[in-house]
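Here's the structure, in structure tokens; my notes come after.
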Amino acid sequence: MKLRSLAIAGALALCAAQSQAEDLTVGVTTTGVPFTFVDTATQQPTGAMVDLAAAIAEDLQMTPDFAVSQFSALIPALQTGKIDVISAGMFATDKRKEVVDFSTPVYSYGDVAFVKADDEGSYQLDDFAGEVVGAQIGTTFADQLQAKGIFSEVKLYDSLVDIMRDVQLGRIKAGFGDKPIIAYQIAQNPNLGVKLVEGYTPMGTGEVALAVSKENPELLEKVNASIAEMEKSGELAEIFGKYGL
């Protein structure tokens, strides 16, 4: 009986391990339209990077389990094993590469500045010297603005919605964020009271990639193989094209 009990326990443990192995926990944020956001109809995460992660999981014969968090909490969640992979509008920067591994890049873009809808000014970055500007905490744009050292203050926000609100209310002169995300939100919501700065030159261009723990090189290899196959088949372009990217 004792041996049988041990055998049953072992089988259950094996089944549990196999069940866990079939899940791919994906960290996303809901403020990264059109990369990651919540579908108001279904209340489920959606967007280009959500679709991409789901396609990768399917290719790996795994079930995607999306974990929603603030952007700044994504890397800590990956480091502590709460999630297996980050699939968001995250740049693969040198600083981030020190703590996580990134996949093959899947998309590239730069930053954009936005001001009040009735602001008729024509601006480049240095034109905002001495002003209070805003950016999302944990983004490369926040780091770049702070390093510039020409602003009265660089206010940090948890979400782009909060930045847009303060720009619209005149609490800050301008906000900075991901160009495709800001452009998509303004196009979808013309009553936000903000607009893109026409002719603005980005501080730089970054490459978006999925992030995996440095402790999981096997998963990174599988993710890269899946991305390569989707690039070859055209599925990657189709996923981003669906969201106007």
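- At a threshold of 4.5 Å between non-hydrogen side-chain atoms, the residues Val212 and Asp84 do not count as touching.
- Residues Val99 and Val223 are members of separate hydrophobic clusters, defined by side-chain heavy-atom contacts under 4.5 angstrom among Ile, Leu, Val, Met, Phe, Trp and Tyr.
- In this structure, the side chain of Asp65 does not engage the main chain of Leu24 through any donor-acceptor pair within 3.5 Å.
- Between the side chain of Thr93 and the backbone N or O of Arg96, at least one donor-acceptor pair lies under 3.5 Å.
- Remark: the Thr46 side chain and the Asp39 side chain contain no N/O donor-acceptor pair separated by less than 3.5 Å.
- Looking only at side-chain heavy atoms (C-beta outward), Leu156 and Gln136 stay at 4.5 Å or farther from each other.
- Under a 3.5 Å cut-off, the side chain of Asn189 and the backbone N or O of Asn191 do not form any donor-acceptor pair.
- Under the 4.5 Å side-chain heavy-atom criterion for Ile, Leu, Val, Met, Phe, Trp and Tyr, Ile86 and Leu220 are members of distinct hydrophobic clusters.
- Residues Val132 and Arg171 have side chains not in contact (no heavy-atom distance under 4.5 Å, counting atoms from C-beta outward).
- One hydrophobic cluster holds both Ile137 and Phe151 under the rule that ILVMFWY side chains link at heavy-atom gaps under 4.5 Å.
- The closest side-chain donor-acceptor pair between Asp162 and Ser159 falls under 3.5 angstrom.
- Taking 4.0 Å as the cut-off between side-chain N and carboxylate O, Lys173 and Asp119 count as a salt-bridged pair.
- Heavy-atom minimum distance, Pro180 versus Tyr109: CD-CD1, 3.3 Å.
- Side chains of Ile227 and Val106 form a contact here, defined as non-hydrogen atoms less than 4.5 Å apart.
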TODO: Would you please test Val112 and Phe176 for side-chain contact (heavy atoms from CB on, under 4.5 Å) and show each step?
DONE: CA-CA 6 Å; Val112 71; Phe176 294 82; over 6 Å; no
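- Below 30°, between 30° and 60°, or above 60°: for Tyr107 and Phe35 the angle between ring planes is above 60°, a perpendicular geometry.
- Qualifying ring pair (Phe, Tyr, Trp, His ring centres under 6.0 Å) partners for Tyr123, counting only residues two or more places apart in sequence or in other chains: Phe128.
- Side-chain contact check for Val133 versus Lys155: every heavy-atom pair is 4.5 Å or farther apart.
- Summarising the geometry of Phe66 relative to Ala53, their closest heavy-atom pair is CE2-CB, 3.9 Å, with the distance given to 0.1 Å.
- Tested against Ile56 for a side chain to side chain contact (heavy atoms under 4.5 Å, CB included), the candidates Val85, Leu210, Val26 yield a single pass: Leu210.
- Annotation: the span from Gln185 atom CD to Phe114 atom CZ amounts to 8.5 Å, rounded to 0.5 Å.
- Not one N or O on the side chain of Glu221 forms a donor-acceptor pair closer than 3.5 Å with the backbone of Glu218.
- With hydrophobic clusters built from ILVMFWY side chains whose heavy atoms lie under 4.5 angstrom apart, Leu145 shares a cluster with Ile181.
- By the 6.0 Å contact criterion, NZ on Lys195 is enclosed, its count of non-hydrogen atoms from other residues, nucleotides or ligands being greater than 12.
- Around atom CD of Glu198, no more than 12 heavy atoms belonging to other residues, nucleotides or ligands sit under 6.0 Å away.
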- [ ] Would you sort out whether Glu207 and Ser108 count as a side-chain contact (heavy atoms from CB on, under 4.5 Å), showing the intermediate values?
- [x] CA-CA 4 Å; Glu207 295 181 321; Ser108 64; 4.3 Å; yes
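- Glu229 places none of its side-chain heavy atoms less than 4.5 Å from the side chain of Glu235.
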Task: Chi angles and distances behind the side-chain contact (heavy atoms from CB on, under 4.5 Å) call for Ile163, Ile172 - done: CA-CA 8 Å; Ile163 304 175; Ile172 62 176; 4.0 Å; yes
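- If you check the side chains of Thr201 and Gln124, you find a donor sitting under 3.5 Å from an acceptor.
- Without hydrogens or angle criteria, Ser87 side chain to Val50 main chain gives no donor-acceptor distance under 3.5 Å.
- Counting only heavy atoms from C-beta outward, the side chains of Met90 and Phe71 approach each other to under 4.5 Å.
- Considering OH of Tyr243 and OG1 of Thr36, their distance stands at 10.5 Å, rounded to 0.5 Å.
- Looking at heavy atoms from C-beta onward, Leu125 lies in side-chain contact with Lys148 at the 4.5 angstrom threshold.
- If you take CG on Asn216 and CG on Leu78, they are separated by 9.0 Å, rounding to the nearest 0.5 Å.
- The local environment of NZ in Lys214 is crowded, with over 12 non-hydrogen atoms from other residues, nucleotides or ligands closer than 6.0 Å.
- For Lys242 and Asp51, the salt-bridge test passes: some basic side-chain N is under 4.0 Å from an acidic carboxylate O.
- The aromatic rings of Phe91 and Phe141 sit perpendicular to each other, their planes meeting at more than 60°, with 30° as the lower class boundary.
- For the atom pair CG of Leu60 and CD of Glu22, the computed distance is 12.5 Å after rounding to the nearest 0.5 Å.
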TODO: Walk me through it: do Thr29 and Val68 pass the test side-chain contact (heavy atoms from CB on, under 4.5 Å)?
DONE: CA-CA 5 Å; Thr29 178; Val68 177; 6.0 Å; no
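- Counting heavy atoms of neighbouring residues, nucleotides and ligands inside a 6.0 Å radius, atom CD of Glu58 does not exceed 12 of them.
- Note on ring orientation: taking the six-membered ring where Trp is involved, the planes of Tyr184 and Phe37 are tilted (angle from 30° to 60°).
- Side-chain atoms of Asp59 never come within 3.5 Å of backbone atoms of Ala55 as a donor-acceptor pair (strictly under, hydrogens ignored).
- The nearest pair of heavy atoms linking Ala67 to Ile83 is CB-CG2, 3.9 Å.
- The line from CG of Leu169 to NZ of Lys116 is 8.0 Å long, rounded to the nearest 0.5 Å.
- Criterion: ILVMFWY side-chain heavy atoms under 4.5 Å apart, direct or through other members. Under it, Val167 and Val161 are not part of a common hydrophobic cluster.
- Atom OG of Ser72 is separated from atom CG of Asp158 by 6.0 Å, given to the nearest 0.5 angstrom.
- Contact record, Met203 with Tyr200: CG-OH, 3.7 Å, taken as the closest heavy-atom pair.
- When every heavy atom of Asp101 is checked against every heavy atom of Ser213, the shortest pair comes out as OD2-O, 4.3 Å.
- Thr80 contributes a side-chain N or O that, together with a main-chain N or O of Pro76, makes up a donor-acceptor pair within less than 3.5 Å.
- Across Ala48 and Ile239, no two heavy atoms sit closer than the pair O-CG2, 3.4 Å.
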